[in-house]
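Written out below as structure tokens is the structure these notes cover.
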Amino acid sequence: MATLPKKYNHQEVEEKCLKSWKEQGVYSWDSTRPREETFSVDTPPPTVSGSLHVGHVFSYTHTDVVVRYQRMTGKNIFYPMGWDDNGLPTERRVQNYYGIKCNPKVPYNPNWKPVHDPKGKKEVEEVSRKNFIEACNVLTKEDEEAFRDLWSRLGLSVDWNLEYATIDDHCRKISQLSFLDLFDKGELISTESPTMWDIDFQSAIAQAELEDREQDGLYHDIRFQVADSDQEFQISTTRPELLAACIAVVAHPDDERYKPLFGKEAITPLFHARVPIRAAEHADPEKGTGILMVCTFGDIHDVEWWKQSKLPLKQILGRDGKLLPVTFGEGAFQSDSAEKATEHYSHIAGLFGKQARKKIAELLAEPGSTVSGDGSALVGEPRPTRAPVKFYEKGDRPLEFVPTRQWYVKVLDQKEQLLHFGSQVKWHPEYMYTRYQHWVEGLNQEWCISRQRYFGVPIPVWYPVRTDGTLDYDSPILPKEDQLPIDPTSDTPQGFKEEQRDQPGGFSGDPDVMDTWATSALTPQIMSYWRIDDARHKLLFPMDLRPQGHDIIRTWAFTTIAKAMLHEGSIPWKHICLSGWILDPDRKKMSKSKGNVVTPGHLLDEYSSDGVRYWAARARLGTDTAFDDKVFGIGRKLVTKIFNASKFVLSQFERLEASPTDYLEGEVSEALDQAFLARLSAVVEASTTSYSRFDYAHALQVTEELFWDFCDHYLELVKSRSYAEEDSAERRSALITLSVSLKTFLQLFAPVLPFVTEEVWGASYGRGDDSIHKSRWPESTTVAKLAPKGDPKLFELGKLVIGEVRAVKTAAQKSLKWPVSELQITGTEETLLRVRAIEGDLARASNASSSAFRYTDSPIDSVAVVATLADSNPG
RNA sequence: GGGCGCUUAGCUCAGUUGGUAGAGCGUCAGCCUUACAAGCUGAAUGUCGCAAGUUCGAUCCUUGCAGCGCCCACCA
């Protein structure tokens with residue numbers, strides 16, 4: 001058995017532990033053990049292109065602590081690690097890092113290699129989608145390495161044989177299988193309709209990716225003319241640039257002011273378009289003038305109203321956010337004065353929406369800009385306003401509604417089922433279910449899964465090309481399952497030749513990819529090998545635990561629940577644990593964009609992995625935590641204390657050339673020892689209960705509290721007996737209590753502090769190479785059996801007496817060794833009996849002789865201790 | 001506007017199935033004590049956000065209010 005060094009060196013210990021855990025495969029999953037013995041974790045795959053910061057350390061530690069507890073209860077742990085390298089963050093990073101841009105029209109170049117240009121000055125190179133994806137793969141490998149290194153140092157007990165990346169072949173296959181399965185089940189819709197569109201990324205965006213941001217805007221009051229009359233009215237709009245896209249004017253059906261106009265037509269200024277005046281419920285008589293213009297498309301109301309209005313679409317905004325060329329007098333763009341309309345439009349065609357807004361306001365302000373030519377159509381000066389506008393959460397400019405063809409998963413007609421399955425999952429903390437519930441209830445769009453991007457899982461579909469060159473979207477050509485994964489832009493469907501691509505009578509590949517969430521929603525199935533290995537799937541699915549942040553309930557939690565429900569009518573996991581966020585000391589969320597992130601490397605160096613884990617484990621689930629480096633120091637202090645206390649306990653056995661394992665059973669004869677073991681038993685029980693409820697923070701707290709009592713009070717009180725020269729029942733009682741207590745404390749701390757506990761374990765209870773992390777979690781009954789008559793109050797009484805003695809010595813500025821000449825104890829008969837039972841231990845710890853004790857009986861149920869110090873210290 | 005959470009010592013946070021409020025940090029004063037000076041001992045510190053109700057008794061339960069944070073919705 002190794003002996004412990006004088007000082008604890010965390011770097012050495014961490015290195016040693018990591019090496020031995022790896023060599024022994026301590027964290028390996030055993031695929032031969034049955035489902036009921038398995039605990040499977042749906043580990044969040046970190047976005048590898050994101051920055052590493054303490055927030056990662058925080059939430060992943062929570063999971064690891066829970067997992068380590070489960071492992072010690074004997075569970076066969078399935079704890080994989082995935083990498084989310086798919087999607088926009090990676091695309092962006094790769095574009096900037098290599099100075100490249102994906103152009104799907106460029107042919108693949110097998111000899112091309114990505115080159116990082118540190119100056120970033122070379123011209124942006126256009127590469128094929130396949131080359132672009134290769135570049136993404138190269139860079140994400142580097143990013144993954146950084147994460148793997150951090151996870152390992154932090155001591156995550158992940159089974160590194162279980163790794164995946166959301167863009168790898170396996171994940172693409174599962175993701176495409178999911179697409180085909182949903183298609184078969186009729187849960188997918190492919191349709192062309194106005195979709196929220198980001199003009200910079202040029203992609204559709206899902207409801208879950210929306211974010212409202214306050215924006216400055218200007219109300220423009222604009223005069224419209226009622227057709228074939230000299231009547232006028234005013235509308236108010238913040239988006240005058242859409243005037244050319246105005247398809248109607250609406251007011252509330254009960255609005256007396258406008259009732260007479262319903263059914264008539266209005267004429268727009270500048271463009272002289274005749275548009276119907278109609279009633280619409282969404283018009284609020286209280287707002288503005290009560291009458292507003294409907295454009296294609298200014299907002300969601302416009303979209304909804306347009307859909308049921310059967311009016312033609314006037315598309316003026318392009319996918320790039322610029323105003324499209326329009327021919328007035330044709331199609332939807334009829335005009336009473338096509339000439340004027342064309343002239344006016346020529347000023348704004350090709351401009352971005354924002355520029356066009358300014359220009360059109362100028363045109364409206366010109367005299368004679370009304371339909372009748374009487375004055376200007378703009379009334380007064382535009383009035384400033386501030387209102388929330390919808391943005392893509394990762395985008396820089398407001399979203400627009402642009403009609404495009406997209407794939408959707410049907411969710412709106414299944415809200416009840418989604419709520420049902422969500423409620424079958426146990427949420428920790430429970431109130432987080434409410435967030436899920438509200439999200440589901442508030443869904444107002446189908447789940448859009450297609451994105452017009454490149455680095456993602458391709459939509460596995462081809463379309464027949466009709467003889468006129470148009471695509472037949474209604475009868476897509478699907479791949480066979482065993483062909484997957486495929487890329488329809490480079491793979492050829494069965495029964496076709498590559499030369500037929502994009503040719504009349506041939507086929508055309510869907511150019512889009514799936515959104516990251518469409519794949520991430522399958523993380524449990526990805527690791528359980530759904531549809532690929534049934535036996536394994538049954539062994540792991542539904543998973544036991546999904547850990548994640550509460551900010552992605554509407555995305556990751558929701559989509560995962562939705563897919564498990566749609567595919568198999570199942571929940572994806574039994575429990576979901578929601579971690580809080582790390583806030584900077586000013587209580588702002590730590591994020592890269594705010595520039596307030598703290599990177600974890602130096603924290604691990606300075607405070608040790610255990611110290612950092614301690615900080616994370618103190619935070620309860622769902623609770624946001626301010627970054628406070630003092631707590632790391634407390635963690636480090638606890639680690640040192642565990643090491644030193646262990647050294648002391650183990651030295652008691654070394655002195656006798658015995659092993660602590662020789663003293664795990666036997667008779668505990670002394671009242672103090674029994675009292676402490678009773679406390680310990682209660683803590684084991686409390687800790688176990690807390691852990692089984694995923695409340696690791698409480699488990700840690702109760703353990704830590706008793707551990708400090710153990711060090712500060714029990715060890716001091718027991719020393720006289722454990723140091724005794726002669727073997728005796730009293731000494732054996734002390735040694736058994738010391739050994740059982742240390743062993744139990746090490747195990748209770750092991751999930752949070754895997755390194756220091758392993759180090760001590762190796763020098764004491766671990767035989768050979770046995771890891772503490774494979775040892776069996778302590779049972780409160782086993783501890784309690786050693787001390788059936790244990791009286792926890794007695795230990796508290798001991799603390800009280802010794803506390804009084806110390807207080808007197810400290811007040812007298814004497815050392816704690818100073819002798820006590822008299823110790824008066826007043827209390828009830830029962831109390832005095834208790835004190836007498838531990839008199840010997842108290843005498844030694846106070847440095848009082850047994851003749852110094854004076855007992856006074858009192859009917860009052862309180863204890864008074866008066867210590868008198870000796871005049872001199874002969875020692 | 002709707003919802004969820006929070007509000008306890010200077011700071012960070014526990015806690016109470018309703019019975020005189022806890023820890024750590026920080027502050028102050030001390031101490032080499034057969035594990036630990038990267039240590040130890042002790043001291044001071046609170047209208048438990050505000051108001052009302054229920055109760056013998058409320059920091060805890062109920063209601064209302066306020067502040068903070070978050071989620072969602074709306075806002076021509």
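Closest to the A:Arg554 side chain, of the nucleotides B:C72, B:U12, B:G69, is B:C72. Side-chain proximity of A:Tyr723 to B:U33, B:U34, B:A76: nearest is B:U34. Of the candidates B:G69, B:A73, B:A76, the closest approach to any side-chain atom of A:Asp624 belongs to B:G69. Closest to the A:Ser236 side chain, of the nucleotides B:C31, B:C74, B:A76, is B:A76. The A:Gln207 side chain lies nearest to B:A73 when the options are B:U34, B:C75, B:A73. Of the candidate nucleotides B:A76, B:C71, B:G30, B:C71 has the atom nearest to the side chain of A:Trp581.
Rounded to whole Å, the distance from CG on A:Leu578 to P on B:C4 is 17 Å. Put simply, CD on A:Gln813 is 5 Å from P on B:G30, counting in whole angstrom units. What separates CG of A:Leu746 from P of B:A35 is a distance of 18 Å, to the nearest Å. A straight line from CD of A:Glu716 to P of B:C31 spans 18 Å, rounded to a whole angstrom. Rounded to whole angstrom, the span from the CD atom of A:Gln652 across to the C1' atom of B:A35 amounts to 9 Å. The distance from atom CZ of A:Arg435 to atom P of B:A73 is 13 Å, rounded to the nearest whole Å. Atom CD of A:Gln437 is separated from atom P of B:G2 by 18 Å (rounded to the nearest Å). Atom CG in A:Asp709 sits about 11 Å away from atom P in B:A23, given to the nearest Å.
Between A:Arg223 and A:Glu232 there is a salt bridge, since a side-chain N of the basic residue sits under 4.0 Å from a carboxylate O of the acidic one. Ion pairing between A:Lys793 and A:Glu796 fails under the 4.0 Å rule for side-chain N and carboxylate O.
Applying a 4.0 Å cut-off to non-hydrogen atoms, the residues of residues 299-307 of chain A that approach RNA chain B are A:Asp299, A:His301, listed by residue number.
Taking A:Lys354 as the reference, nothing meets the side-chain contact (heavy atoms from CB on, under 4.5 Å) condition, with sequence neighbours excluded.
Of the two residues contacting RNA chain B, namely A:Thr623 and A:Ala208, the nearest-nucleotide position lying further toward the 5' end is that of A:Thr623.
Taking atom P on both B:C48 and B:A58, the two are 12 Å apart, rounded to the nearest angstrom.
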For nucleotides 40-43 of chain B, give me every protein contact, N/O to N/O, under 3.5 Å, one pair per line with atom names.
| residue | atom | partner | partner atom | Å |
| --- | --- | --- | --- | --- |
| B:C40 | OP1 | A:Lys641 | NZ | 2.7 |
| B:U41 | O2' | A:Thr810 | OG1 | 2.8 |

